[in-house]
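Following: one structure in structure tokens, then a few remarks.
Just the heavy atoms: all of them, side chains too, but no hydrogens, waters or symmetry mates, feed the values below.
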Amino acid sequence: MSDERIDALLVTPLPPIQSGLATYALRVLENTSDFVDWTVAYTDGSDPLSLPAGIRSMPVEELEEDRLPDARIFQIGNSPDCFPVVQALYRYGGTALFHELVLHHMLRYSYLDSNRMEDYRRELVFCYGPVAESVEKDLADGNIPLNEYDRKLKRYPLTGRALHASHSAVCLNSYAASILKRSYPEGRVISIGHPLSPLPQMDILAKPFSLCFGMVGTNHPGRNLECLIEAVALLRDDFPDAGLILIGGNYPESLPEWVRRTGRLDEKEYQGWIRTLDYVFDVRHPACGETSGSLLEAMRAGIPSIVTASGTFINLPSDAVIRVPVDNIVQGIRSAVILLEARPELRNSLSNKAASYAEDTGCEERLAGDWKRVLSLAGKPPEDDYRAIAGNSISPAWHESPAGFKRDLDTLPVTWTFSGTAEMEAPLDASGATLTAWGEGTVNGCALSSEPSIITVTGREIHFCGRGWISNVIWK
């Protein structure tokens, strides 16, 4: 990459939205603005005043296709805050930055909340074809316990359209990259580090228990809180004065008296509470391909870390964490703590290796180098890859019908149909189009066939006459 400044678009939630993606976006923007001219398209609930000075910004709804830079990065996670980001990716195409590899929770909630059940079903059909109806039925039982419902959604990640709309992908760990590589051409998936914020000045907080176990970050069903509480209850037989600290939000109010929850904290308190811990546990399962920023913060603080042998945790350095089996989390935690308490030299080595790893993957120097790679990837779509033209392709299955056309759901594939005369106008930078059409009539004077055929036209206007169907249009 040359030393010239780069024009790039980042589509993302921003603070005060309580999402790790929003915080992540600020870290990236703060540390890359010396070589990138950023345009930020933000989602509803974001505050553009949180952005570093000099960055151009707009609501995501105000994006205009003919004014987008070549390098377009869409931050995607499984929170409803990311739904507008995914919709923008579908429309414009670009590089998807996957914070996790399951989107079903977000897509299902957002489509149903906005009364778009048919669009949700189209997502299912896109990904799962003939079994889409059975997938929908499997999730329709309103009496499924929350943990089981979470696991069912994770069985069907629903990432198909995001993969199709993006010409390349960025992941925050090599585990996720290894899964996505099968969906892209060679060299179109990269993994980068997870930046950490500079540490604030912190007060030393008093430890509420003589031996403090902890979990850091927002609670959700996949974090297996019930297993953790059971494990600490067993450990209290060996260490009666021990207790559990839950650092973050969304933890239940009904907890044993030896469990303390902090609620959501500002950065100074958050970092201070992490440093009261003697051990940190992150036993999430099933895996979603996510990188745990909260675990990295605890590792940076040198807290001995015990994790599940699952997902991205498998790729953490073996001398920096202890992994426990997913089918025996409770006994695994207990055995790991008893081992480390009996071997302080191993515990100290674990702490030092963890801190070194977290500082390396989270440092500013790593971030700048990683994002030069990201922008190089995003700015050069592969010319021979059909996904590179996703932003210039319109399809009746997903786009609204142009004036003079109607969507026909009885054809395979879904089509736009016309009768009489109709017109389409190309984007300003287009010089023609390739379309799949059939019927009785003409397209720019070219006779339609009774079977679907590919027709190439020149100019920015396409004139239809007669009666026919169109299944796809790609602008040149």
(message) My understanding is that only residues two or more places apart in sequence, or in another chain, count here; which of them pass ring-ring contact (aromatic ring centres under 6.0 Å, His included) with Tyr357?
(response) none
(message) Applying side-chain hydrogen bond (donor to acceptor under 3.5 Å, both in side chains) as the test, list every pair that has at least one member in residues 125-140; sequence neighbours left out.
(response) Arg121-Glu136, Asp138-Lys152, Asp138-Tyr156
(request) Could you list the residues that satisfy side chain to side chain donor-acceptor pair (under 3.5 Å) with Lys268, not counting sequence neighbours? (result) none
(message) Asp278: which residues meet the salt bridge (charged side-chain N to carboxylate O under 4.0 Å, His left out) condition with it, sequence neighbours left out?
(response) Lys207
(request) Could you tell me how the ring of His104 sits relative to the ring of Tyr120: parallel (under 30°), tilted (30 to 60°) or perpendicular (over 60°)? (result) tilted
(request) Considering only NZ, NE, NH1 and NH2 on the basic side and carboxylate oxygens on the acidic side, decide whether Asp70 and Lys380 come within less than 4.0 Å. (result) no
(message) Just to verify, what does Gln87 make a side chain to side chain donor-acceptor pair (under 3.5 Å) with, not counting sequence neighbours?
(response) Tyr111
(message) What I want to find out is whether Arg155 reaches Glu148 closely enough, with some N-O distance under 4.0 Å, to be called a salt bridge.
(response) yes
(request) Using salt bridge (charged side-chain N to carboxylate O under 4.0 Å, His left out) as the criterion, list what pairs up with Asp360, not counting sequence neighbours. (result) Arg366
(request) Give every residue pair that meets the side-chain hydrogen bond (donor to acceptor under 3.5 Å, both in side chains) criterion with at least one member in residues 328-344, sequence neighbours excluded. (result) Asp238-Arg334, Tyr279-Glu341, Arg343-Glu345
(message) Enumerate the salt bridge (Lys or Arg N to Asp or Glu O under 4.0 Å) contacts for residues 157-173, please, sequence neighbours excluded, ordered by first and then second residue.
(response) Glu123-Arg161
(request) Tell me, please, which residues at least two apart from Glu290 pass salt bridge (charged side-chain N to carboxylate O under 4.0 Å, His left out). (result) Arg284
(message) Please verify the inter-ring angle class for Phe126 with His164; under 30° counts as parallel, over 60° as perpendicular, anything in between as tilted.
(response) perpendicular
(message) Within the supplied structure, the quantity of interest is the number of heavy atoms (other residues, nucleotides, ligands) at a distance under 6.0 Å from Asn115 CG; does it exceed 12?
(response) no
(request) Determine which pairs satisfy side-chain hydrogen bond (donor to acceptor under 3.5 Å, both in side chains) with at least one residue from residues 170-180, sequence neighbours left out, and list them in order. (result) Asn173-Thr291, Ser174-Asn315
(message) Could you check whether Arg223 and Thr218, counting side-chain N and O atoms only, form a donor-acceptor pair closer than 3.5 Å?
(response) no
(request) For Arg260, enumerate each residue passing the salt bridge (charged side-chain N to carboxylate O under 4.0 Å, His left out) test, keeping only those at least two apart in sequence or located in another chain. (result) none
Tabulate below the donor-acceptor pairs under 3.5 Å that side-chain atoms of residues 247-255 make, not counting sequence neighbours, or state none.
unit_1	atom_1	unit_2	atom_2	d
Asn250	ND2	Asn219	O	2.8
Tyr251	OH	Gly217	O	2.7

(request) Please state whether the rings of Trp371 and Trp38 are parallel, tilted or perpendicular, taking 30° and 60° as the class boundaries. (result) perpendicular
